[in-house]
Amino acid sequence: MKKTKPEIIFLLVLMFLLVAAAFSFAASPAEPTRDTRTLFGHDVEGLKPVTLIVPSDANHKTLTDANMMHLAMLIEAESKGQIKLDLHRHGSLYRSNDYPKVLPIGTIHIAAINKGQLMSREKRFGPWIVGYIWKSPEHLFSVPCSPEWYEMEEKLAKEKWNMKPMALAPVGNWDYWSKKEVRSMKDLGGKKIWSYGEMSNAYIAAWGGTPVAKSGSEMYMSYYKGGLDVISMSILGYLNFKFWECGKYYVNMPVYPPGSCGIHYVQFYMNRDKWNSLPIAYRKIILDALDLINAVGIWEIICEEKMALYRLINEHKVVDCGIATEHPEEYEKIRKAAVEAGKKYVFDRGVTQAQWDEAQNILKKYADPKHTSRYSWFFKLAWAEADRRLAQVKKDLAAGKTWNEAYDAYHPKHRYDWTVEKIKKEWMAVPRVKMDWNEATRLQ
């Protein structure tokens, strides 16, 4: 018998190790919090058709408006025409501040609601939604993706609102913007600052400012004429609605850490009586579609806001005051003042120490790196995509394109003519974060 040469043995062993490693890698997903579920394909044969009333006050040619149209198209297609979303766009039926009034009684069936608007009737929401408490972008996923978060949502929405929590909807950070330079908390003293309600009133007063409530339709002219010195708005909104004509200073005092995109404030809810009337197959289709729209919204907002800030600074000459980056000690003063003011506010509304501690313990638990690190993969992908898009914009500008031409490819207006097939393909391709929620409870 011929002896096997040592080099052949070495090659065979190497090949074995490589194959073993490949199988080991395949069996050990690098992204355990990535949602890889197979969605849709639910049997609707023989089920009765249903119509669901859904309002949206998103403006025309915005991502949210296009996404809501796509949501209606996708649900109808996946239910083989059995579920129709009667979508009322552009605030034609109700505005967002009306939703907490009309959804619980069934006048409308599905809506995205800011939980800050729910505190007026349910004090126990308070400890969970005080801003300025998050430790990292990943913290914003580790907490609301937890089973404890969903248990809280399900319990309170059922007891107090006759609503079913469906899927967390995305919302970008509402930064602050000013007519004058602001580089310290002292600079906010005496300023007239736009407020969305009682919680933000408490923050603003703690900074030495004067809260001023204005509707969205009043904000531009009030800011332009000096009725407001400082406003709070998303980066994308500040660009699209030309608020940079009124104030040139970007005061990045993030409720969420810089670079993040919160998903915990705005949530899709459904009237619980209507939900209970639906067959399981319909419930599954609706949840699948809402999980997708949530993922798409978060992904696109991260990308769009990075490009929007670049345009604000470089085209419209908005100045970044660098509160959270160049003056972290001042941001820390602002943050601590807001947290204490928020805590006092919820305690004044009747929240007990035990209720506060319960929420804080969950927040602290999921701030641990062993939890937050499990979501880093998503931000790496999202930030890389945002960088890729911005690099292409810069390349097009350098080649002589106008700002509008360079940004045109990414404008939401191009989404309006998407077919159902394209919607499904594009939405399914977006990375999704897995919610650690009990599926049986979600379907109840």
Side-chain angles (χ1 to χ4, degrees), residues 58-67 170-183 187 191 193-194 216-256 258-261 297-327 331 382-416:
N59 290 297
H60 185 52
K61 293 185 179 179
T62 61
L63 176 67
T64 301
D65 185 47
N67 277 356
V171 56
N173 182 49
W174 278 52
D175 285 298
Y176 284 82
W177 311 82
S178 176
K179 296 178 76 70
K180 295 182 179 180
E181 190 174 42
V182 175
R183 295 192 182 274
D187 292 337
K191 298 292 191 301
I193 304 175
W194 178 79
S217 60
E218 298 175 298
M219 279 181 70
Y220 180 93
M221 288 307 298
S222 183
Y223 190 32
Y224 186 81
K225 292 182 176 181
L228 289 167
D229 302 309
V230 179
I231 69 167
S232 181
M233 180 167 286
S234 69
I235 297 171
L236 196 59
Y238 206 78
L239 172 67
N240 289 343
F241 304 125
K242 299 186 177 181
F243 278 85
W244 44 266
E245 295 175 335
C246 311
K248 293 289 188 182
Y249 292 95
Y250 172 47
V251 190
N252 180 227
M253 305 187 306
V255 173
Y256 324 123
S260 65
C261 181
I298 296 169
W299 181 262
E300 289 299 322
I301 286 174
I302 289 177
C303 294
E304 285 193 12
E305 296 225 324
K306 184 158 192 173
M307 293 193 297
L309 184 58
Y310 182 83
R311 188 168 186 178
L312 282 167
I313 291 172
N314 292 278
E315 181 186 13
H316 300 299
K317 308 306 176 186
V318 170
V319 177
D320 184 352
C321 294
I323 287 288
T325 51
E326 297 175 20
H327 307 281
Y331 170 65
W383 291 334
E385 175 61 14
D387 288 339
R388 184 195 68 77
R389 295 186 191 185
L390 184 55
Q392 183 60 51
V393 165
K394 291 178 180 179
K395 182 178 178 181
D396 290 342
L397 289 170
K401 286 188 177 182
T402 66
W403 284 93
N404 285 340
E405 289 170 341
Y407 275 74
D408 183 73
Y410 305 106
H411 198 291
K413 66 184 180 183
H414 297 300
R415 295 171 177 257
Y416 283 97

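The structure presented is a predicted model; accordingly, all values stated were derived computationally and were not measured.
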Could you report the tightest heavy-atom contact between [X] and [Y], atom names first, then the distance?
{"X": "Ile302", "Y": "Ala386", "value": "O-CB, 4.2 Å"}
{"X": "Ala308", "Y": "Leu236", "value": "CB-CD1, 3.8 Å"}
{"X": "Leu228", "Y": "Ile193", "value": "CD2-C, 4.1 Å"}
{"X": "Met219", "Y": "Ser232", "value": "CE-O, 4.1 Å"}
{"X": "Pro412", "Y": "Ala66", "value": "O-CB, 4.4 Å"}

Listed by chain and number, what are the side chain to side chain donor-acceptor pair (under 3.5 Å) partners of [X], not counting sequence neighbours?
{"X": "Asp187", "answer": "Ser184"}
{"X": "Asp175", "answer": "Asn173, Tyr250, Asn252"}
{"X": "Tyr176", "answer": "none"}
{"X": "Arg415", "answer": "Glu300"}

Once rounded to the nearest 0.5 Å, what's the spacing between atom OG of Ser234 and atom CG of Leu309?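 Interatomic distance, Ser234 OG to Leu309 CG, rounded to 0.5 Å: 11.5 Å.
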CG of Leu63 to NE2 of His411: how many Å apart, nearest 0.5 Å?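 Taking CG in Leu63 and NE2 in His411, the distance rounds to 11.0 Å.
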Tyr220 vs Tyr224 aromatic rings, parallel, tilted or perpendicular, using cut-offs 30° and 60°? parallel
Scan residues 235-254 for pairs that pass salt bridge (charged side-chain N to carboxylate O under 4.0 Å, His left out), counting only residues two or more places apart or in two chains. none
What pairs of residues pass the salt bridge (charged side-chain N to carboxylate O under 4.0 Å, His left out) test when at least one of them lies in residues 225-239, not counting sequence neighbours? Lys192-Asp229
Do Tyr223 and Lys179 come close enough that some side-chain heavy atom pair is under 4.5 Å?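 Tyr223 vs Lys179: side chains touch.
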Any donor and acceptor pair, going by atom type alone, linking the side chain of [X] with main-chain N or O of [Y] inside 3.5 Å?
{"X": "Tyr331", "Y": "Pro254", "result": "yes"}
{"X": "Trp177", "Y": "Met233", "result": "yes"}
{"X": "His316", "Y": "Val318", "result": "no"}

Assess Lys61 against Tyr416: is NZ or CZ under 6.0 Å from the centre of the six-membered ring, and within 45 degrees of the ring's axis?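 The answer is no, since Lys61 fails at least one limit relative to Tyr416.
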Just to verify, what does [X] make a salt bridge (charged side-chain N to carboxylate O under 4.0 Å, His left out) with, not counting sequence neighbours?
{"X": "Lys306", "answer": "Asp387"}
{"X": "Glu405", "answer": "none"}
{"X": "Lys395", "answer": "none"}

From CA spacing to verdict: side chain to side chain contact (heavy atoms under 4.5 Å, CB included), Lys413, Asp408: CA-CA 9 Å; Lys413 66 184 180 183; Asp408 183 73; 2.9 Å; yes
Pairing residues for Asp396 by the side chain to side chain contact (heavy atoms under 4.5 Å, CB included) criterion, not counting sequence neighbours: Gln392, Lys401, Ala406
Going by the rule side chain to side chain contact (heavy atoms under 4.5 Å, CB included), which residues pair with Trp403 if we only count those two or more places apart in sequence or in a different chain? Tyr310, Arg311, Asn314, Glu315, Leu397, Tyr407
Could you give the side-chain donor-acceptor pairs of residues 319-326 under 3.5 Å, partners two or more places apart or in another chain?
| unit_1 | atom_1 | unit_2 | atom_2 | d |
| --- | --- | --- | --- | --- |
| Asp320 | OD1 | Gly322 | N | 2.9 |

